[in-house]
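Whatever order the structure lists them in is the order used to number ligands and atoms, beginning at 1. What's counted below: heavy atoms across the whole structure, side chains too, no hydrogens, waters or symmetry copies.
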Amino acid sequence: MATPISPSVDHVRAIAEAAHQTFASNPEGANASYIPYLAQVPSDLFGIAVAFADGTIIEVGDTDYEFAIESLSKVFTLALVIEQIGPEVLREKVGADPTGLPFNSVLALELHDGKPLSPLVNAGAISTASLVQGRDAEDRWRQILDVQSQFAGRPLVLSLEVNQSEQTTNFHNRGIAWILHSAETIYSDPMAACDIYTRGCSTLITARDLAIMGATLANGGINPLTQTRVVQAANVPYILAEMAIEGLYTASGDWLYSVGLPSKSSVSGGIVTVVPGKLAIGAFSPPLDEAGNSVRGQLAAAYISQQLGYNVFTPTA
Ligand code: GLU
């Protein structure tokens with residue numbers, strides 16, 4: 001395994017280009033289809049961006065294509081809420097454990113007295129959205145959009161098309177919100193929380209944005225492009241820990257075992273991987289595997305991090 005302590009930009013670019021070339025032709029997986037919008041996104045799109053903690057960015061392939069943020073939004077709403085209520089209250093009210101079950105599991109709630117366990121599954125993310133400290137649902141939504149934009153370093157926008165596609169098909173999530181309500185593990189009106197969670201999933205980002213969002217975490221909570229502090233440095237490890245616990249759906253344990261880095265994926269085909277103190281990899285490719293993770297995105301993130309010798313369980317200088 002190659003282990004340069006501070007790899008040159010050219011070295012990382014060569015590795016990212018090799019990853020793109022190697023995996024672009026991988027035919028495996030299929031677009032998510034339970035949200036109609038996602039089914040019609042071209043499956044051959046493939047972008048890889050690497051953002052360093054100093055703001056340097058490498059881009060290969062379709063890094064400017066705007067895709068729905070989906071589950072990646074859960075990380076940034078979590079960051080907002082940890083800032084507002086603290087990591088211990090977040091753990092008590094939502095949790096910091098793997099569910100071992102699919103991201104939209106009702107069974108997981110039934111097994112744990114209605115406690116979601118993770119802010120990165122749907123139940124936990126809806127509960128977390130309800131914990132955004134605001135005057136009303138619109139104020140909470142404004143804060144969710146604002147924190148996503150701060151992580152990206154540019155104003156993100158809600159896609160009305162994605163939101164319409166989600167809001168007209170999200171009956172399962174609404175059911176989850178009512179189960180949370182009956183268990184007293186949601187902290188605002190359940191339908192309002194589900195609505196702002198769904199809107200939070202319906203903004204558009206690029207692979208480049210995603211890399212910068214991850215690099216903000218890699219950089220201790222300061223966006224390396226805007227130099228704005230988005231999260232306190234002390235809160236970043238809790239966010240990364242939640243990603244390590246439940247970032248790749250039911251494959252989270254396998255990912256940590258084989259790649260050893262905190263990541264988060266989405267049903268739209270995005271995946272962000274964070275190397276604390278160094279860089280973040282943002283990849284996008286719509287076809288998903290059985291667990292719901294981008295096939296090419298995982299291959300690229302694993303290849304790049306392994307070529308660079310990055311793994312949080314491996315000692316580095
Ligand atoms: N909006 C999607 C849902 O709630 C996000 C799922 C995901 O990306 O994991 O089902």
What atoms of ligand 1 come within less than 4.0 Å of a heavy atom belonging to Y197? 1 (N), 2 (C), 3 (C), 4 (O), 5 (C)
Here the atoms of ligand 1 under 4.0 Å from any heavy atom belonging to S266 are 8 (O)
Starting from atom 5 (C) of ligand 1, locate the nearest protein heavy atom and write down its residue, its atom name and how far away it is, to 0.1 Å. E70 OE1, 3.3 Å
In short, salt bridge (Lys or Arg N to Asp or Glu O under 4.0 Å) pairs touching residues 46-61 with sequence neighbours left out are E59-R208
Tell me whether K93 forms a cation-pi arrangement with Y187, defined as NZ or CZ under 6.0 Å from the six-membered ring centre and within 45 degrees of its axis. yes
Do any nitrogen or oxygen atoms of V267 lie less than 3.5 angstrom from nitrogen or oxygen atoms of ligand 1? yes
Check whether T185 reaches the backbone of H181 with its side chain - one donor and one acceptor, N or O, closer than 3.5 Å. no
Check each heavy atom of S71 against ligand 1 and say whether those closer than 4.0 Å belong to the side chain, the backbone, both or neither. both
Listing request: all salt bridge (Lys or Arg N to Asp or Glu O under 4.0 Å) pairs with a residue in residues 18-42, at least two apart in sequence or in separate chains. none
Between ligand 1 and E166, is the shortest N or O to N or O distance under 3.5 Å? yes
Which ligand 1 atoms are under 4.0 Å away from a heavy-atom of N122? 3 (C), 4 (O), 10 (O)
Note: ligand 1 atoms sitting under 4.0 Å from heavy atoms of N173 are 3 (C), 4 (O), 10 (O)
Under the side-chain contact (heavy atoms from CB on, under 4.5 Å) rule, what do H172 and Y34 come out as? Steps first, then yes or no, please. CA-CA 11 Å; H172 192 86; Y34 75 97; over 6 Å; no
Is a donor on one side and an acceptor on the other found under 3.5 Å between the side chain of N31 and the backbone of L38? yes
Under 4.0 Å from one or more heavy atoms of Y249, ligand 1 contributes atoms 7 (C), 8 (O), 9 (O)
Any idea which atoms of ligand 1 are less than 4.0 Å away from a heavy-atom of C201? 1 (N)
With under 30° as parallel and over 60° as perpendicular, where do the rings of F67 and F284 fit, or are they tilted in between? parallel
Test L279 against Y310 for side-chain contact (heavy atoms from CB on, under 4.5 Å), laying out the working first. CA-CA 10 Å; L279 53 77; Y310 288 143; 3.9 Å; yes
Report the nearest protein non-hydrogen atom to atom 10 (O) of ligand 1: residue, atom name, distance rounded to 0.1 Å. Y34 OH, 2.6 Å
